[in-house]
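The block underneath contains the structure these notes are about, expressed in structure tokens.
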Amino acid sequence: MEKVLQEFKESLKETRIKDAKVTTTICPYCSVGCSILVYVKDGKVINIEGDPESPINQGTLCPKGASLYQMANNPYRATQPLYRAPFSKEWQTVTWDWALDRIARLVKETRDATFVQKNEKGQVVNRCEGIAHVGSAALDNEECYILQKLMRALGLVWIEHQARI
Amino acid sequence: MSRKALLIIPELCIGCRACQVACKSWNQLPAEETINEGTHENPTDLTAYTYNRIKFIEKPLNEKGIKYLFVSQRCMHCGEPLCAEVCPTETLFVSEEGAVLYLKERCIGCGLCRKACPYDVPRYDENGEISKCHLCIDRIWEGLEPACAKTCPTSSIKFGEREELINEAKKKGYKIIYGEKDFGGLGVIFALNEPPEVYELP
Amino acid sequence: MTNHYIDFKNADVILVMGANPAENHPVSMKWILKAKEERGAKLIVIDPRFTKTASKADLYFPIRSGTDIAFLGGFIKYIIDNELYFKDYVIHYTDASFLVDPEFKLPDDLDGVFSGFNEITRTYDKATWKFQLDENGVPKKDPTLQDPHCVFQLLKRHFARYTIDMVSEITGADKEKIEAAYKIMGETGKPNKVLTVLYAMGWTQHTIGAQIVRAVSIVQLLLGNVGMAGGGINALRGESNVQGACDNGLLFHILTGYNPAPSASDVDLKTYIEKYTPQTNEPKSTNWLSNRPKYIISYLKALYGDHATSENDYCYEYLPKREDGESLTWLELFDKMYEGKFKGFFAWGQNPACSTSNANKVRKALAKLDWMVAVNLWDNETASFWRGPEMNPEEIKTEVFFLPCASSVEKEGSITNSGRWLQWRYEAVKPPGECLPDADIINELYFRIKKLYETEGGVFPEPIIHLTWEYGKKNQEGKIEHMNPHLIAKEMNGYFVTDILEHPLDGKSYQKGQQIPNFLYLMDDGSTACGNWLYCGSYTEEGNMMARRGQEDPTGLGMYPNWAWCWPLNRRILYNRASVDPEGKPWDPKRAVIKWDEAQSKWIGDVPDGSAPPLAKEGGKLPFILKPLGVGAIFGPGMVDGPFPTHYEPPESPLTKHPFYSKVFYNPVIKIFCTPEDLLAACGDEKYPYIGSTYRVTEHWQTGLMTRTTDWLRELEPQNFVELSVELAEELGIKSGDKVIVSSCRGKIWAIAIVTPRIKPLKVMGKTVHFVGLPWHYGWRWPEDGRGGDNANLLTPSVGDANTLCPSTKVFMVNIEKI
């Protein structure tokens with residue numbers, strides 16, 4: 001038996017997480033706010049588990065939190081901007097520059113065409129009526145903040161996100 | 001070295017199956033291509049890549065409505081494992097901590113261990129080699145708990161010194177300590193308040 | 001949430017209704033089970049289905065979906081009839097003793113509606129929904145609670161007909177179990193017993209959702225459980241940062257920190273401030289929101305920096321204004337889109353083609369757009385709507401952009417959990433491929449749009465060009481290369497705009513550019529800038545408070561004041577001044593959230609809800625500081641559908657008439673949409689005989705985009721399913737595992753049948769009512785071969801709550817057939 005054990009120990013590769021860099025994150029799924037340890041080696045997430053120091057989850061995680069490894073290493077992610085032209089049957093890959101320039105152009109055209117400075121009563125309303133926005137609880141607070149900043153600066157009043165539903 | 005064990009308390013289990021996912025994540029096991037077979041229980045059996053699973057038991061009761069139980073199924077890490085006893089190639093063995101381990105490259109896939117196992121646990125991969133829960137021995141040796149116990153939100157799976165866990169369960173007033181004595185004492189013990197049959201434990 | 005997840009461990013009784021924490025917030029069960037184990041707390045679960053949470057309950061029973069007000073109304077009656085309310089709390093800290101206008105009428109007086117109902121506009125004139133005032137403009141009171149016009153007596157009269165028999169008839173629940181629940185919960189009206197209430201979308205996704213929450217607020221005020229450790233009213237929010245997205249103003253009606261978004265008649269800042277700064281004549285009210293001018297002006301300073309001056313109303317003109325009274329909610333947004341009123345649309349981290357009730361309407365609406373920008377981790381049913389089921393791309397004009405963003409481990413920033421804790425997370429790895437953090441995408445868009453306006457001009461470019469945007473190092477073009485979330489967080493916290501020699505609050509001097517310590521320091525003279533006053537204190541001169549990891553728990557109540565940071569002011573339990581008596585002594589000394597220290601003349605414990613002394617002391621203040629009258633509101637004139645909750649049937653109901661009113665059936669003031677997609681089944685329609693309801697499972701999340709693409713989770717719940725009772729399955733010849741079609745008058749989907757004793761038919765008003773339940777996690781895009789099925793929101797109606805327009809997805813009528 002001891003020989004097998006020895007053989008087994010020798011066959012065990014070094015633990016995956018040895019020498020990995022560890023950072024903390026907060027689970028992106030529900031609103032409990034579980035803290036998670038993220039182990040990284042060579043620029044890749046190699047392991048994820050609950051953060052024992054968090055007073056909320058004390059090292060534990062539910063199945064969604066425990067599956068975060070597969071969110072971080074996910075074969076289905078879209079990793080390039082995609083564009084679908086009017087009446088087209090497919091996506092095409094485009095560059096960021098092209099996509100962003102085109103969107104900026106459409107935003108400006110739509111805003112300029114549908115902007116209402118005064119309503120029928122003559123009250124200053126300064127709103128863009130032709131664009132609506134939804135999103136998002138999937139963003140960080142800082143992103144939510146600058147997003148509402150941008151959308152309101154453009155004059156949007158149709159601003160919603162999933163909290164409503 | 002004193003013997004380690006998992007203490008499982010089904011009364012605390014909420015059937016979330018974090019243990020199944022954490023096991024797959026730590027051991028880097030691929031997902032099964034499953035379908036819904038009319039039950040939430042999935043995968044519907046242990047496989048070479050599913051070392052542990054939660055069985056869902058729904059028992060209608062007249063007065064109280066229903067019992068909805070969640071019971072972990074996995075290698076029980078017997079103190080005197082019959083699988084190791086029958087193995088012709090000494091593939092299976094017991095570590096100092098009490099984990100029933102296996103050296104894959106020794107396995108000839110004869111199937112004797114599964115036949116001998118009172119809990120029908122070992123499975124064989126596409127090469128015919130044994131595959132089952134190894135109590136995350138690599139974690140234990142690094143001073144970590146097994147992935148299933150670490151992740152369990154309600155401490156329904158606890159890892160620790162076997163004797164201490166048994167004492168703790170008794171102290172908490174659980175009527176039955178399943179696995180205290182069987183097969184040399186199991187390394188996965190269950191604290192129950194109702195007979196094992198209720199939990200579909202053999 | 002008034003409290004937070006860990007605080008569940010301090011409860012004596014836990015009511016879970018309209019929520020399913022074991023499946024949707026699994027880690028919270030750690031604290032619920034701890035309360036059971038360590039305090040012997042009782043867990044009561046009421047749900048149409050026997051859930052995993054129910055498996056841990058001391059008492060469980062099903063009710064018919066949508067009848068929660070009947071159950072809670074019956075409990076209010078039970079509390080009053082048996083004098084179980086917490087008298088001192090009710091008299092001192094609520095409006096129970098306030099006298100209401102004698103002309104105010106209850107639905108019992110007017111066959112189903114309150115006074116002021118206009119049958120043509122289907123709205124209320126609230127003229128009579130008000131208190132009688134004395135010569136000082138303060139509500140008249142009767143501390144004996146005997147005056148027939150006092151809130152308490154009106155409440156008693158309003159709920160008089162909610163007898164246990166009636167509750168049982170409406171809900172279908174067993175009388176003895178209803179009474180058992182009332183008895184257990186009724187015990188918590190004592191100072192040393194506390195009930196906590198956990199709810200989620202099971203309460204809000206109804207046409208009477210907001211009133212269900214009102215009903216439980218009344219319960220918790222009567223029992224004196226608000227402000228207490230182990231108490232409160234706790235909405236278990238669905239998403240990791242849905243709290244933060246609300247806090248930061250991503251809704252049509254609010255700016256950051258819940259400052260109201262202006263309407264057309266708020267013509268200038270003065271008008272805005274007058275309208276939205278509450279006044280009070282109650283001398284003991286703190287009336288916290290009297291600080292509104294500081295918050296809105298500091299917000300405008302954060303947005304427009306040096307351009308915002310007192311001379312130009314701090315650029316108030318730049319804020320867009322909707323028309324007065326115009327509601328622009330999610331359902332209304334997609335209704336407008338369906339009518340072709342929008343050219344462009346941003347779906348940022350959203351999947352409305354699956355998440356919106358009556359999703360067929362949304363999918364068709366998207367085809368009316370000229371352009372759409374979808375930002376997400378994965379392509380989804382929204383971004384690819386044009387190639388979805390029953391769509392012909394060749395006929396769809398919409399130009400679509402899909403922008404791939406970074407996941408939560410690929411960027412840095414904070415999120416706010418349901419307990420209002422802001423926690424910081426770090427970048428572990430770089431995003432894959434060309435994916436960018438959302439902040440960088442927002443920055444790129446902003447830079448390009450701004451540049452177009454700078455170079456070409458255009459309509460009213462000032463709000464865009466003058467926007468402050470100093471969030472990182474700029475390249476030669478003037479574009480920020482990579483957004484620094486710390487700089488954004490600092491602006492949200494706020495900074496001094498000018499040097500302050502002697503701050504009125506503490507007499508100390510502060511320098512321009514210094515971070516503001518907390519919102520008590522905000523000013524209304526343009527000397528402070530603050531992006532979100534509620535977050536003021538989160539990133540101070542001491543550093544990033546959200547990143548703190550202190551383990552200390554000085555009260556032993558699990559408040560962990562040094563772990564992360566909690567809005568407001570790091571206060572862990574809201575309304576905590578109500579946890580002490582008027583002398584400042586904790587109602588329950590064993591669970592002292594705060595207490596008044598006589599010797600030091602200050603509060604100790606949690607950060608108090610305002611530093612003023614306790615009510616009975618000199619200068620003492622009432623506990624509910626956000627309410628102009630300082631007390632908890634049992635009477636709710638702010639609601640659009642009545643100051644008290646009333647049971648109304650869902651618009652789609654198995655009943656053909658209201659259980660006790662003849663004039664109304666469903667909530668009379670809900671909005672009904674009129675497009676050809678907006679069908680509702682007639683009452684008692686035999687084609688759709690079963691109540692349908694949507695919910696979530698542990699292994700998936702929301703529309704499933706982040707879980708259907710995770711193989712380990714899809715393994716556990718691979719396909720769309722419908723759960724039904726053994727009794728109904730027998731009637732229909734359906735077995736577990738059968739593929740069935742579930743249909744409503746709006747759509748149909750396939751699902752795998754799960755026949756279960758966890759669902760039982762109920763006897764309601766003499767009629768057997770069947771219930772079937774479906775998850776709303778699936779969609780045609782993932783898994784790619786479509787074998788997961790499509791979304792249950794193809795069945796649900798686009799009607800919503802009267803107050804919030806939250807869609808009614810918990811009750812709709814369906815049919816189910818074996819294929």
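Chain letters run A, B, ... following the sequence lines, proteins first and then strands; every chain starts at 1. Since the structure is predicted, the reported quantities are computational estimates derived from the model, not experimental observations. Atom set for the values below is all heavy atoms of this structure, side chains included, hydrogens, waters and symmetry mates excluded.
In terms of non-hydrogen atom pairs under 4.5 Å with chain A, the most contact-rich of C:P437, C:G433, C:C435 is C:C435. Of the listed residues (C:V409, C:L467, C:L805), the greatest number of heavy-atom pairs within a distance under 4.5 Å of chain A belongs to C:L467. Heavy-atom pairs under 4.5 Å with chain A peak, among C:N443, C:N417, C:I396, C:I488, at C:I396. Most heavy-atom pairs under 4.5 Å with chain A, from the set C:D438, C:I441, C:T416: that is C:D438. When the candidates C:H4, C:E444, C:Q205, C:E491 are compared by the number of heavy-atom contacts under 4.5 Å with chain A, C:E491 comes out ahead.
Proximity to chain A is limited to the backbone of C:N24, based on heavy atoms less than 4.5 angstrom apart. With a threshold of 4.5 angstrom between heavy atoms, C:A564 does not approach chain A through any atom at all. When heavy atoms are compared at a cutoff of 4.5 Å, C:M201 approaches chain A solely by way of its side chain, counted from C-beta outward. Both the backbone and the side chain of C:V242 come within less than 4.5 Å of a heavy atom in chain A. The parts of C:S265 that come within reach of chain A are both its backbone and its side chain, each placing non-hydrogen atoms under 4.5 angstrom from that chain. Contact of C:Q423 with chain A is made through backbone and side chain together, with heavy-atom distances under 4.5 Å. When heavy atoms are compared at a cutoff of 4.5 Å, A:L61 approaches chain C solely by way of its backbone atoms N, CA, C and O. When heavy atoms are compared at a cutoff of 4.5 Å, C:H466 does not approach chain A at all. When heavy atoms are compared at a cutoff of 4.5 Å, A:F115 approaches chain C solely by way of its side chain, counted from C-beta outward. Only the side chain of C:M483 comes within contact range of chain A, with heavy atoms under 4.5 Å apart. Residue contact with chain A, scored on non-hydrogen atoms closer than 4.5 Å, involves the backbone and the side chain of C:K343 alike. Contact of A:V45 with chain C is made through backbone and side chain together, with heavy-atom distances under 4.5 Å. Of the atoms belonging to C:L452, heavy atoms from both backbone and side chain fall under 4.5 Å from chain A. Contacts of C:L487 with chain A are absent, with no heavy-atom separation under 4.5 Å from either backbone or side chain. Residue contact with chain C, scored on non-hydrogen atoms closer than 4.5 Å, involves the backbone of A:E90 exclusively. Contact annotation for A:V124: both backbone and side-chain heavy atoms come within less than 4.5 Å of a heavy atom of chain C. When heavy atoms are compared at a cutoff of 4.5 Å, C:A383 approaches chain A by way of both its backbone and its side chain. The part of C:L236 that comes within reach of chain A is its backbone (N, CA, C, O), which places non-hydrogen atoms under 4.5 angstrom from that chain. The parts of C:Y426 that come within reach of chain A are both its backbone and its side chain, each placing non-hydrogen atoms under 4.5 angstrom from that chain.
Although no hydrogens or angles enter the test, the distance criterion places no donor-acceptor pair under 3.5 Å between the side chain of C:R322 and the main chain of A:W158. Within the 3.5 Å criterion, the main-chain N or O of C:S414 finds a donor-acceptor partner in the side chain of A:E142. The closest donor-acceptor contact from the side chain of A:Q148 to the backbone of C:T256 lies at 3.5 Å or more, if one exists at all. Under the 3.5 Å distance criterion, the side-chain polar atoms of A:K64 are matched with a main-chain donor or acceptor of C:T698. For the pair A:R152 (side chain) and C:P463 (backbone), a donor-acceptor distance under 3.5 Å is absent. Without hydrogens or angle criteria, A:E143 side chain to C:A439 main chain gives a donor-acceptor distance under 3.5 Å. For C:Q350 (side chain) and A:S136 (main-chain N/O), no donor-acceptor pair under 3.5 Å exists by modelled atom type.
Applying the 6.0 Å contact sphere to NZ of A:K41 captures more than 12 heavy atoms from other residues, nucleotides or ligands. With a 6.0 Å radius and a threshold of 12 heavy atoms from other residues, nucleotides or ligands, A:K118 has its NZ atom at or below the threshold.
Using a 4.0 Å cut-off between charged nitrogen and carboxylate oxygen, A:R105 and C:E456 count as a salt-bridge pair. Here A:R127 pairs with C:E323 in a salt bridge; the nearest charged N to carboxylate O distance falls below 4.0 Å.
Remark: the A:E160 side chain and the C:T329 side chain contain no N/O donor-acceptor pair separated by less than 3.5 Å. C:T468 and A:K149 share a donor-acceptor pair across their side chains, judged by distance under 3.5 Å alone.
Atom CG of C:L445 is separated from atom CD1 of A:I103 by 5.5 Å, given to the nearest 0.5 angstrom. Between A:L106 atom CG and C:D370 atom CG the span is 8.5 Å, to the nearest 0.5 Å. The NE2 atom of A:H161 lies 8.0 Å from the CD atom of C:E239; values are rounded to the nearest 0.5 Å. Rounded to the nearest 0.5 angstrom, C:L436 CG and A:W96 CH2 are separated by 4.5 Å.
In this structure, the side chains of A:D101 and C:R448 come closer than 4.5 Å at one or more pairs of heavy atoms. Residues A:F87 and C:K397 are in side-chain contact: their nearest non-hydrogen atoms beyond the backbone lie under 4.5 Å apart. By the 4.5 Å heavy-atom criterion applied to side chains, C:P404 and A:T79 are not counted as neighbours.
Closest non-hydrogen pair, A:S67 versus C:W712, comes out as CA-CE3, 4.2 Å. Smallest separation of non-hydrogen atoms from A:I56 and C:V27: O-CG1, 4.1 Å. When all heavy atoms of A:Q162 and C:W330 are compared, the pair lying nearest together is N-CZ3, 3.7 Å. The minimum heavy-atom distance linking C:T710 with A:Q70 is given by the pair CG2-OE1, 3.4 Å. Across all their heavy atoms, C:E410 and A:R77 have their closest contact at OE1-NH2, 2.8 Å.
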Working for side-chain hydrogen bond (donor to acceptor under 3.5 Å, both in side chains), residues A:N57 and C:Y5:
CA-CA 10 Å; A:N57 58 307; C:Y5 287 102; over 6 Å; no
side-chain hydrogen bond (donor to acceptor under 3.5 Å, both in side chains), that's the test. Do A:Y29 and C:Q702 meet it? Break it down for me.
CA-CA 9 Å; A:Y29 291 101; C:Q702 308 300 65; over 6 Å; no
A:L139/C:N241 under side-chain contact (heavy atoms from CB on, under 4.5 Å): CA gap, chis, key distance, verdict
CA-CA 7 Å; A:L139 303 183; C:N241 201 33; 5.6 Å; no
CA sep, side-chain torsions, deciding dist, call: A:W91, C:R387, side-chain contact (heavy atoms from CB on, under 4.5 Å)
CA-CA 10 Å; A:W91 286 114; C:R387 57 187 184 129; 3.5 Å; yes
May I have the step-by-step check of salt bridge (charged side-chain N to carboxylate O under 4.0 Å, His left out) for C:R549 and A:D51, ending in yes or no?
CA-CA 11 Å; C:R549 290 175 61 84; A:D51 175 357; 3.0 Å; yes
Dump the intermediate steps for side-chain hydrogen bond (donor to acceptor under 3.5 Å, both in side chains) on C:Y453 and A:D112, then the final yes or no.
CA-CA 10 Å; C:Y453 276 97; A:D112 287 351; 2.7 Å; yes
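Taking 4.5 Å as the heavy-atom cut-off, the residues of residues 16-24 of chain A that approach chain C are A:K21, A:T23, A:T24, ordered by number.
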